[in-house]
Amino acid sequence: MLGPGPVQAAQRVRTSARIVIAGAGAAGLAAAARLAAQLDGARITLVDARKEHYYQPGFTLVAAGIKPQSYVVSTTAEYVPGSVELIEERVAEFDPEGKRVVTDSGRALPYDYLVVATGLMLDYDAIEGMEVGMIGRNGMGSIYHSPAGAAATWSALSTFADQGGVGVFCRPATEMKCAGAPLKYTFIADDHLRRRGNRGKAELIYNANNKALFSVPIVHEKVRMLFRDRGIRTNYDHVLRSIDLGRRVATFATPEGTVEQVYDFINVIPPMRAPDAVLNSALRWQEGAWGNEGWMDVERGTLRHKRFPEIFGVGDIAGVPKGKTAASVKWQVPVAVDHLVADIAGRSSDALYDGYTSCPLITRLGRAMLVEFDYENNLTPSFPGVVAPLEELWVSWVMKTMALKPTYISMLRGRA
Ligand SMILES: Cc1cc2nc3c(=O)[nH]c(=O)nc-3n(C[C@H](O)[C@H](O)[C@H](O)COP(=O)(O)OP(=O)(O)OC[C@H]3O[C@@H](n4cnc5c(N)ncnc54)[C@H](O)[C@@H]3O)c2cc1C
């Protein structure tokens, strides 16, 4: 879990290279900080229209009622290194042949190196009947949408925990960020019902999109057993297609046809895909599901684009088999930056990203399993013998609720 350390000033490489970073979220800011620290004289430009910075791993805690909305909101500007220019616009077009990006206002930014860190897009429109303005109302929540959405989801869950009824949980069939979050929130709902003495008045249903609850088999098995013990009914091969927010009916596609579930509370997690600018560019995978969803076609070990070697893709946008967590960002960015700086310095780098991903899987308030794994589904515990990965531990809960945010902020500043 602990990432590579800070960069020493003595290692700085002198250059006048132009580096554009598209996206100033977790990965873009971390890349800017590391590049600014390692390069002397580079012209580094960050491009992102969003002025607020969201600490997204905290959304689950806001939606669980244990952190305020303000816990997850800060500003982008406070993390931008002094030597880096921030352009508050979106990239509208990637032109890898011309080695430039074009912003919403039509401004062209030529580059020698490009780091793409646009994160992903939540495709709520792909769910028929879904209206994000209704999050928090009439039993519909969505912890992914935004800080306000997470807070509104908490008020809907709290009402449900008082009254009981049918709670429906699910995840999309696309690649997604933090695949543990849908599971965590199901456990959190179960725990709130129990604490209020209303678990007997509620039925909880978890709809997996395929035949597994989690992509790592041993974690799937552990969650399956915990769900069974807690009386959470599990369906497989159920994908949310449409929702009737007035009647409170969710419709799922299954191999046997569509199935309707009437709910009193639902946590809608939409399909996820690359933002349009990447999806519509030559940067994406050229075929298969990853091509359709628009993920960047990068080497999984170096995060370097397979056809445009001066381009790197880090964070959620990277088309690699694991990742899409802030914990992965912490390991991906130093690798990509090492290769980029090596190119500038005229040397080679052997830095490799092994797929490290971590998921502090909350199983009740006060307990979590710190699940860490790599591309090969090996469990890769950071504290072997101290923090057992598949045990519900208080120490893992403390990490999730108290230690991870300071570590994340250090990562944005290139210090972790
Ligand atoms: C509910 C929830 C729970 C999570 N839980 C955890 C957890 O427990 N542990 C964990 O490690 N991770 C967790 N994550 C995942 C983690 O937050 C993300 O993986 C991480 O933020 C990815 O960083 P990123 O920089 O790729 O994307 P982001 O941080 O989302 O940043 C992307 C940035 O790109 C910008 N952008 C988009 N399009 C463009 C464009 N065209 N031009 C310019 N800029 C653009 C956006 O405005 C944004 O600022 C969770 C996420 C959610 C939503």
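Just so you know, ligand 1 is whichever comes first in the structure, and atom 1 is the first atom listed for that ligand.
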Which residue and heavy atom of the protein sit nearest [atom], plus the separation:
| atom | result |
| --- | --- |
| atom 27 (O) of ligand 1 | Gly119 CA, 3.5 Å |
| atom 37 (C) of ligand 1 | Thr118 O, 3.1 Å |
| atom 6 (C) of ligand 1 | Cys178 SG, 3.3 Å |
| atom 12 (N) of ligand 1 | Ala326 N, 3.0 Å |
| atom 25 (O) of ligand 1 | Ala27 N, 2.8 Å |
| atom 28 (P) of ligand 1 | Gln56 NE2, 3.6 Å |
| atom 42 (N) of ligand 1 | Val91 N, 2.8 Å |

* Compute the centroid of each ring, for Trp331 and then for Tyr353, and state whether the two points are separated by less than 6.0 Å. => no
* Report, in ascending order of atom number, the atoms of ligand 1 lying under 4.0 Å from any heavy atom of Lys324. => 19 (O)
[X] contact mode with ligand 1 (heavy-atom cut-off under 4.0 Å):
| X | answer |
| --- | --- |
| Arg90 | both |
| His53 | neither |
| Pro360 | side chain |
| Glu93 | neither |
| Ala26 | both |
| Thr60 | side chain |

Any cation-pi pair here, [X] with [Y], using under 6.0 Å and within 45°?
| X | Y | answer |
| --- | --- | --- |
| Arg100 | Tyr111 | no |
| Lys405 | Tyr71 | yes |
| Lys67 | Trp154 | no |

[Y] and [X] side chains, donor-acceptor separation under 3.5 Å:
| X | Y | result |
| --- | --- | --- |
| Thr103 | Glu89 | yes |
| Ser158 | Arg196 | yes |
| Thr75 | Glu78 | yes |
| Tyr124 | Ser142 | yes |

* To do: Just do the ring pair (Phe, Tyr, Trp, His ring centres under 6.0 Å) check on Phe187 and Phe227 with the steps written out, would you?
  => CA-CA 8 Å; Phe187 283 121; Phe227 274 5; 4.9 Å; yes
* Asked: Would you call Lys400 a ligand 1 contact, heavy-atom distance under 4.0 Å?
  ->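 Contact check Lys400 vs ligand 1: positive.
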* Asked: Are any of the heavy atoms in Asp48 under 4.0 Å away from ligand 1?
  ->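 It does, in that a heavy atom of Asp48 comes within the 4.0 Å cut-off of ligand 1.
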* Would you call Arg90-Asp48 a salt bridge at under 4.0 Å N-O? ->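 No.
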